[in-house]
There are 4 protein chains.
Amino acid sequence: MPKQTFFNLPAEKRKKILDVAVKEFAEQGYKGANISRMVLEAGIAKGSFYQYFEDKDDLYLYIITTMIAGKKLAIYEREKGRLEDLSLTGFLRAVSHQIFQDFMENPGLLRIGADLMRLEGEPVYQKIMGCYPKLSESVFMPFIQHEIGQGEISEKVNPRLLNFIFISLGLYLAYDLKTTNAETIHEELVDRMLDDMEYILKNGIYTDKGKSM
Amino acid sequence: MPKQTFFNLPAEKRKKILDVAVKEFAEQGYKGANISRMVLEAGIAKGSFYQYFEDKDDLYLYIITTMIAGKKLAIYEREKGRLEDLSLTGFLRAVSHQIFQDFMENPGLLRIGADLMRLEGEPVYQKIMGCYPKLSESVFMPFIQHEIGQGEISEKVNPRLLNFIFISLGLYLAYDLKTTNAETIHEELVDRMLDDMEYILKNGIYTDKGKSM
Amino acid sequence: MPKQTFFNLPAEKRKKILDVAVKEFAEQGYKGANISRMVLEAGIAKGSFYQYFEDKDDLYLYIITTMIAGKKLAIYEREKGRLEDLSLTGFLRAVSHQIFQDFMENPGLLRIGADLMRLEGEPVYQKIMGCYPKLSESVFMPFIQHEIGQGEISEKVNPRLLNFIFISLGLYLAYDLKTTNAETIHEELVDRMLDDMEYILKNGIYTDKGKSM
Amino acid sequence: MPKQTFFNLPAEKRKKILDVAVKEFAEQGYKGANISRMVLEAGIAKGSFYQYFEDKDDLYLYIITTMIAGKKLAIYEREKGRLEDLSLTGFLRAVSHQIFQDFMENPGLLRIGADLMRLEGEPVYQKIMGCYPKLSESVFMPFIQHEIGQGEISEKVNPRLLNFIFISLGLYLAYDLKTTNAETIHEELVDRMLDDMEYILKNGIYTDKGKSM
DNA sequence: CATGAATGAGACTTCATTCAT
DNA sequence: TATGAATGAAGTCTCATTCAT
């Protein structure tokens with residue numbers, strides 16, 4: 001947990017530091033993230049960093065738990081009251097909108113989450129799982145379960161697989177961005193992706209001819 | 001490219017070294033992979049490593065290009081003759097079988113591939129893309145294009161998205177493995193995943209009720 | 001180029017580091033120079049070295065260009081205004097005085113310069129020649145050319161050879177020092193050498209008898 | 001001292017090994033010389049090297065003492081019988097011819113000799129000086145002393161300085177070669193250098209005008 | 001609290017030498 | 001004797017963390 005000194009900082013500076021850190025962890029991964037680069041980028045002294053955070057892990061843990069888990073839980077908190085009357089499409093749009101928001105604000109957050117998978121054996125992973133044991137399942141699962149319960153998603157759909165596909169959406173955005181050489185993420189790009197995904201989820205991928213083979 | 005000395009080694013030792021390296025790169029990522037750990041694990045001297053490989057990058061590149069690209073191209077080479085008469089389901093099974101094979105032989109290979117995305121700005125990434133510029137698109141794309149051309153996959157399906165979903169399958173296996181605490185991968189697990197995926201691809205995820213909302 | 005941190009150091013410490021480095025490069029040559037030994041001798045941490053300099057080459061280049069080239073150019077700058085009225089003897093004395101100064105302050109500098117010749121094929125040599133392409137000719141040549149133009153040195157004298165002889169003077173001092181087991185260099189030693197050299201340059205080496213043979 | 005196995009080799013192979021070694025030591029210096037490169041170049045196995053020589057020093061010492069000292073002593077041995085009637089010019093030519101021979105056969109020998117100066121503090125230097133304490137003075141000195149005794153070289157000439165100038169001739173050739181970008185050493189180049197040097201040794205460098213200033 | 005230099009463990013890499021075949 | 005793989009000490013360089021100002 002960051003030290004009190006960090007929370008005493010003006011909000012703007014705090015945000016700057018976290019933005020830089022998210023970018024660094026996202027682009028370089030946990031292992032490759034470099035504190036010297038971060039403080040340089042954030043415009044603070046190296047010593048200051050250690051007055052704000054215990055160490056590298058402290059910062060990483062804070063980002064993971066507060067920002068990722070926090071954001072994802074935020075969807076749940078916001079939407080759970082509407083679970084009863086939210087149409088499936090609406091749910092997908094809502095969730096995706098949140099993902100899009102994440103991306104616009106912090107394109108790195110999703111990649112950080114993806115990186116987390118790798119750290120299984122590391123001490124830092126144990127620390128994280130000590131706080132958020134179900135971190136990886138905490139996002140879409142409740143919605144999916146709810147839709148199945150409502151009879152809107154077929155019981156034959158494996159919820160874990162579907163959950164994973166949703167999680168992958170963010171990575172797909174990054175992948176798509178890279179392979180199309182788009183400079184920035186336009187909302188349009190996200191919408192197109194959502195349309196594409198919706199089509200598959202609604203119709204599957206086959207033509208009638210394809211289905212009959 | 002590894003030096004001749006590496007290829008002069010007994011096949012068993014060569015395999016041991018590559019297995020250890022794949023494990024290391026898979027678990028630690030490119031940045032976190034540690035040569036000291038590898039040579040310790042592989043039971044060779046530090047100096048020997050550098051008689052086999054130019055440097056860390058040389059080994060990494062060899063694994064990426066030969067093992068990953070090599071295997072993936074192997075699917076293509078093996079199946080392309082049958083593209084005409086291969087049913088879609090058959091294609092999916094064939095590809096998945098290959099992925100499964102990869103996983104049984106080297107659970108790390110897929111994670112290494114996933115890690116590659118992160119390295120974009122690094123020199124090693126340039127090296128790889130110098131050899132395999134289309135590495136990320138080279139696997140499933142031809143099949144997908146072919147099926148669309150045959151009118152078996154709907155033209156409304158975004159091939160890039162579908163390609164990405166397929167690529168994610170391997171990651172899903174890893175994810176599933178971890179979250180279910182399965183010790184090893186059973187072929188049964190793969191089959192279940194394939195069944196689950198096929199269901200979605202064929203039917204979408206919605207019930208009639210869900211679709212009509 | 002050293003980093004700013006190096007120039008922020010107290011002058012005394014900076015001098016200590018450079019003195020140690022010059023000694024190391026002079027005694028061990030570029031290849032044999034050892035950073036661990038340098039930092040031990042200079043009383044700084046290994047890591048500090050790399051906060052001051054990019055790498056070994058950075059330090060070497062700095063010494064070569066700043067100290068050697070710097071000093072040599074200093075002679076030129078100081079004396080060029082007097083080129084018109086400086087007698088040849090005076091010129092030799094001035095130059096030699098500078099060499100002597102170099103030697104008293106940093107006996108290693110001249111040996112470093114001599115070592116440079118060996119590095120021709122090395123990357124570091126290219127770096128140096130990128131900055132100072134005429135480094136080896138930049139010292140005495142202008143004076144010699146001037147004297148020839150003035151008709152004070154015979155046109156039959158090969159200026160390149162003469163330049164080389166002058167350059168060798170410094171090495172001769174080192175050589176003389178070693179072979180006479182003199183502990184330190186006395187100014188007297190330099191004067192004797194200069195007298196000896198002047199004699200040869202003025203009279204040649206032969207007696208009348210010798211010349212007639 | 002090389003082991004008996006070395007002397008059992010066919011002369012041609014022995015020569016090849018020594019040629020390669022001289023080249024390596026000359027170009028890279030004692031510290032930079034690399035045994036792997038040598039055996040590669042010489043076309044022998046690494047293990048063989050250590051069956052011919054005790055270690056790197058053993059080879060280096062052998063080259064220094066046998067080839068350099070040997071060659072230089074050879075001049076003396078060959079010419080000393082003619083010391084009585086050898087004209088000064090003849091002496092210079094004879095010596096220079098030998099230097100030229102050295103250069104044509106083994107351009108590296110002279111540079112190795114020059115490199116020796118640097119090694120003063122090293123164990124290998126002690127070894128060498130244990131065998132040839134006067135190595136550096138053994139070449140031209142006897143001739144110079146003789147000429148002075150004959151009254152052909154002025155007594156006012158410092159024999160040590162002259163000795164050094166002669167030693168430098170070889171280095172000058174290398175220097176000249178490098179700065180004129182000549183590809184190979186022509187005999188013509190040596191002759192020109194000798195002519196240039198002779199002029200200076202005979203006439204000094206000054207014009208009458210220059211002398212009178 | 002802010003600063004940025006200082007620290008040193010540990011990473012990658014080289015290379016003289018040994019050793020098994 | 002010939003071979004070339006094996007070895008590990010030692011070198012260069014990185015970077016998280018501490019510390020003096």
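As a basis for the values below, the full set of heavy atoms in this structure was taken, side chains included, without hydrogen atoms, waters or symmetry mates. Bear in mind that the values here come from a model prediction, so they are computed numbers and not experimental data.
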S.K.: Check whether NZ of the Lys or CZ of the Arg A/K13 lies under 6.0 Å from the centre of the six-membered ring of A/F6 and within 45 degrees of that ring's axis.
M.R.: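 Judged by the rule (NZ or CZ under 6.0 Å from the ring centre, within 45° of its axis), A/K13 is not positioned above A/F6.
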S.K.: Among all residues two or more places apart in sequence or in another chain, which pass the side chain to side chain donor-acceptor pair (under 3.5 Å) test with C/K31?
M.R.: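 Side chain to side chain donor-acceptor pair (under 3.5 Å) check on C/K31 returns C/E122, D/Q28.
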S.K.: Reading 5' to 3' and counting Watson-Crick or G-U wobble pairs with both distances under 3.5 Å, write the dot-bracket notation for DNA chain F, | for bases paired outside the strand.
M.R.: .||||||||||||||||||||
S.K.: May I have the distance from D/D58 (atom CG) to E/dT18 (atom P), rounded to whole angstrom?
M.R.: 12 Å
S.K.: Return the set of residues passing salt bridge (Lys or Arg N to Asp or Glu O under 4.0 Å) with D/K127 (not counting sequence neighbours), or none when no residue passes.
M.R.: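 By the salt bridge (Lys or Arg N to Asp or Glu O under 4.0 Å) rule, D/K127 matches D/D57.
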S.K.: Write down the distance between OH (A/Y30) and C1' (F/dC15), rounded to a whole number of angstrom.
M.R.: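 For the pair A/Y30 OH and F/dC15 C1', the rounded distance is 13 Å.
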S.K.: According to salt bridge (Lys or Arg N to Asp or Glu O under 4.0 Å), who are the partners of D/R37, at least two apart in sequence or on a separate chain?
M.R.: D/E24
S.K.: Scan the side chains in residues 41-51 of chain B for donor-acceptor partners under 3.5 Å anywhere in the protein, sequence neighbours excluded, and list what turns up.
M.R.:
none

S.K.: Mind checking what makes side chain to side chain contact (heavy atoms under 4.5 Å, CB included) contact with A/E54, not counting sequence neighbours?
M.R.: A/K3, A/D58
S.K.: Atom CZ of C/F6 and atom C1' of E/dG4: how far apart are they, to the nearest Å?
M.R.: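 For the pair C/F6 CZ and E/dG4 C1', the rounded distance is 17 Å.
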S.K.: Just how far, in rounded Å, is P of E/dA11 from CG of B/D55?
M.R.: 17 Å
S.K.: Rounded to the nearest angstrom, tell me the gap between atom CD1 in C/I35 and atom P in F/dT14.
M.R.: 10 Å
S.K.: Assess the residue pair A/I17 and A/F53 against the criterion (side-chain contact (heavy atoms from CB on, under 4.5 Å)); give the C-alpha distance rounded to whole Å, side-chain angles, the decisive distance to 0.1 Å, and a yes or no.
M.R.: CA-CA 11 Å; A/I17 291 172; A/F53 304 97; 4.2 Å; yes
S.K.: Any residue in residues 7-14 of chain C with a heavy atom nearer than 4.0 angstrom to DNA chain E? Just list them by number, or reply none.
M.R.: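 Under 4.0 Å from DNA chain E: C/N8, C/L9, C/K13.
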S.K.: By side chain to side chain contact (heavy atoms under 4.5 Å, CB included), which residues pair with C/Q4, not counting sequence neighbours?
M.R.: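 C/Q4: side chain to side chain contact (heavy atoms under 4.5 Å, CB included) contacts with C/F7, C/N8.
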S.K.: Are any of the side-chain heavy atoms of C/F25 and C/I64 separated by less than 4.5 Å?
M.R.: no
S.K.: Base, sugar-phosphate alone, or nothing: which one does C/T5 contact when heavy atoms must sit under 4.0 Å apart?
M.R.: sugar-phosphate
S.K.: Quick one: B/K3 NZ to F/dG4 P, roughly how many Å, whole number?
M.R.: 15 Å
S.K.: Any carboxylate oxygen within less than 4.0 angstrom of a Lys/Arg side-chain nitrogen, looking at B/K16 and B/E12?
M.R.: no
S.K.: From NZ of C/K56 over to P of F/dT14, roughly how many Å is that when rounded to an integer?
M.R.: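 Rounding to the nearest Å, NZ of C/K56 and P of F/dT14 are 15 Å apart.
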S.K.: In plain terms, say whether A/K15 and A/D19 are close enough for a salt bridge, that is, a side-chain N and a carboxylate O under 4.0 Å apart.
M.R.: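 Here A/K15 pairs with A/D19 in a salt bridge, since their nearest N and O are under 4.0 Å apart.
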S.K.: If you take any heavy atom closer than 4.0 Å to DNA chain F, which residues from residues 39-54 of chain C end up in contact?
M.R.: C/K46, C/G47, C/Y50
S.K.: For DNA chain E, whose closest nucleotide is more 5', that of C/Q4 or that of D/G32?
M.R.: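 Mapping each residue to its closest nucleotide by heavy atoms, the 5'-most match is C/Q4.
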S.K.: C/M38 has an atom CE; how far is it from atom P of F/dG11, in whole Å?
M.R.: 12 Å
S.K.: Verify the contact: side-chain N or O of B/N34 to OP1 or OP2 of E/dG10, cut-off strictly under 4.0 Å; return yes or no.
M.R.: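 Indeed not, no polar side-chain atom of B/N34 lies that close.
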